[in-house]
Asks: 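Let me begin by handing over the structure; questions about it come next.
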Amino acid sequence: QVQLVESGGGLVQAGGSLRLSCAASGRTFSSYAMGWFRQVPGKEREFVAVISWSGVTTYYADSVKGRFTISRDNAKNTVYLQMNSLKPEDTAVYYCAASSKIIEARNLRSPADFGSWGQGTQVTVSS
């Protein structure tokens with residue numbers, strides 16, 4: 001398993017930007033597909049974006065497509081989520097997660113597909 005720590009959350013006005021980071025421990029980071037999810041109280045954890053182990057393949061939820069960008073730096077054991085044009089409905093706790101499943105990254109959209117999770121970072125977008 002890999003240990004994950006998110007950072008970069010905070011309070012931002014609608015239309016603003018934030019970049020989340022997720023630092024991973026372990027030497028096998030580059031073998032994991034990485035995902036970002038978000039959750040608001042009383043709702044299920046929602047898929048946001050996923051990136052393949054190589055970084056070549058990415059896939060986004062329709063609600064963030066064109067506004068968010070997932071990327072990774074395997075040399076730094078870090079995955080990022082650049083969030084632009086933020087909306088109040090993007091307010092949530094954001095989690096990064098790692099998957100060791102050997103399937104196409106675009107099919108990794110369920111929390112059950114990910115075996116390692118960070119503690120989450122709060123993102124609040126004010127109107």
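No hydrogens, no waters, no symmetry mates; every other heavy atom, side chains included, goes into these values.
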Asks: I'd like to know if the side chain of S25 pairs up with that of Q3 as donor and acceptor (distance under 3.5 Å, no hydrogens or angles considered).
Replies: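 Looking only at side-chain atoms, Q3 and S25 do form a donor-acceptor pair, the distance falling under 3.5 Å.
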
Asks: Under 4.5 Å between side-chain heavy atoms, hopping through other hydrophobics if needed: is there a path connecting V2 to L108?
Replies: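 No, V2 and L108 fall in different hydrophobic clusters.
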
Asks: Side chain of T121, backbone of G9: donor and acceptor closer than 3.5 Å?
Replies: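 Looks like yes, one N/O pair under 3.5 Å.
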
Asks: Please confirm whether the backbone N or O of R19 pairs with a side-chain atom of Q82, one donor and one acceptor, at under 3.5 Å?
Replies: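 No, the answer is negative, given that no donor and acceptor are paired below the 3.5 Å cut-off.
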
Asks: Between V123 and W117, is there shared hydrophobic-cluster membership here, with clusters defined by ILVMFWY side-chain heavy atoms closer than 4.5 Å?
Replies: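 No.
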
Asks: Could you tell me the separation between the CG atom of N74 and the OG atom of S31, rounded to the nearest 0.5 Å?
Replies: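 If I round to the nearest 0.5 Å, the distance is 9.0 Å.
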
Asks: Which residue in the set T91, V93, L86 passes side chain to side chain contact (heavy atoms under 4.5 Å, CB included) when paired with T124?
Replies: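 Running side chain to side chain contact (heavy atoms under 4.5 Å, CB included) over T91, V93, L86 with T124 returns exactly one hit, T91.
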
Asks: Tell me whether W36 is reachable from Y80 by hopping between hydrophobic residues (I, L, V, M, F, W, Y) whose side-chain heavy atoms are closer than 4.5 Å.
Replies: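 No, separate clusters.
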
Asks: Any idea which heavy atoms bring S127 and A14 closest together, and the distance?
Replies: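 Shortest heavy-atom contact: CA-CB, 4.4 Å.
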
Asks: Are more than 12 heavy atoms from other residues, nucleotides or ligands located less than 6.0 Å from atom CD of Q119?
Replies: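 More than 12 within 6.0 Å, yes.
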
Asks: Please set out all donor-acceptor pairs under 3.5 angstrom arising from side-chain atoms of residues 40-52, sequence neighbours excluded.
Replies:
| unit_1 | atom_1 | unit_2 | atom_2 | d |
| --- | --- | --- | --- | --- |
| R45 | NE | Q39 | OE1 | 3.1 |
| R45 | NH2 | Q39 | OE1 | 3.2 |
| E46 | OE1 | R38 | NE | 2.9 |
| S52 | OG | S54 | OG | 3.3 |
| S52 | OG | G55 | N | 3.4 |
| S52 | OG | V56 | N | 3.3 |
| S52 | OG | T57 | N | 3.1 |

Asks: For the residue pair S71 and V79, what are the closest heavy atoms and their distance?
Replies: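 Closest heavy-atom pair between S71 and V79: O-CG2, 3.1 Å.
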
Asks: Using 4.0 Å as the upper bound for N to carboxylate O, is an ion pair formed by D62 and K65?
Replies: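 Salt bridge flag = yes for D62 with K65.
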
Asks: Hydrophobic clusters here meaning ILVMFWY residues chained together by side-chain heavy-atom distances under 4.5 Å, can you tell me if M83 and V64 are in one?
Replies: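 Yes, it is one cluster - the side chains of M83 and V64 are joined through contacts under 4.5 Å.
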
Asks: Testing the basics here: between Y95 and G118, what is the closest heavy-atom pair and its distance to 0.1 Å?
Replies: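 Nearest heavy atoms, Y95 then G118: CD2-O, 3.6 Å.
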
Asks: Kindly compute the distance separating CD (E6) from CG (L81), expressed to the nearest 0.5 Å.
Replies: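 Those atoms lie 11.0 Å apart.
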
Asks: Determine which pairs satisfy salt bridge (Lys or Arg N to Asp or Glu O under 4.0 Å) with at least one residue from residues 118-127, sequence neighbours left out, and list them in order.
Replies: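 Counting only pairs at least two positions apart or across chains, no salt bridge (Lys or Arg N to Asp or Glu O under 4.0 Å) contact touches residues 118-127.
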
Asks: Taking R67 for the side chain and S63 for the main chain, is one N or O donor matched with an acceptor at less than 3.5 Å?
Replies: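 Yes.
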
Asks: Donor-acceptor pair, S99 side chain versus D113 backbone, under 3.5 Å?
Replies: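 At least one qualifying donor-acceptor pair exists.
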
Asks: Checking F29 against W53 for the ring-ring contact (aromatic ring centres under 6.0 Å, His included) test, could you report, in this order, the C-alpha distance in whole Å, the side-chain angles of both residues, the deciding distance, and whether it holds?
Replies: CA-CA 8 Å; F29 172 75; W53 65 270; over 10 Å; no

Asks: Looking at E104, I'd like to know if its CD atom is crowded, meaning that more than 12 non-hydrogen atoms belonging to other residues, nucleotides or ligands lie closer than 6.0 Å.
Replies: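 No - once you tally the heavy atoms of other residues, nucleotides and ligands closer than 6.0 Å, there are 12 at most.
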
Asks: Determine whether F68 and I70 satisfy the following criterion, side-chain contact (heavy atoms from CB on, under 4.5 Å), listing intermediate values before the conclusion.
Replies: CA-CA 7 Å; F68 290 12; I70 188 171; over 6 Å; no

Asks: Mind running side chain to side chain donor-acceptor pair (under 3.5 Å) on S17 and N84 for me, showing each step along the way?
Replies: CA-CA 4 Å; S17 298; N84 298 329; 2.9 Å; yes

Asks: Can you check side-chain contact (heavy atoms from CB on, under 4.5 Å) on L4 and M34, steps first, answer last?
Replies: CA-CA 10 Å; L4 305 171; M34 298 297 297; 3.9 Å; yes

Asks: How long is the gap from OG on S116 to OH on Y32, to the nearest 0.5 Å?
Replies: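 Atom-to-atom, S116:OG and Y32:OH are 5.5 Å apart.
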
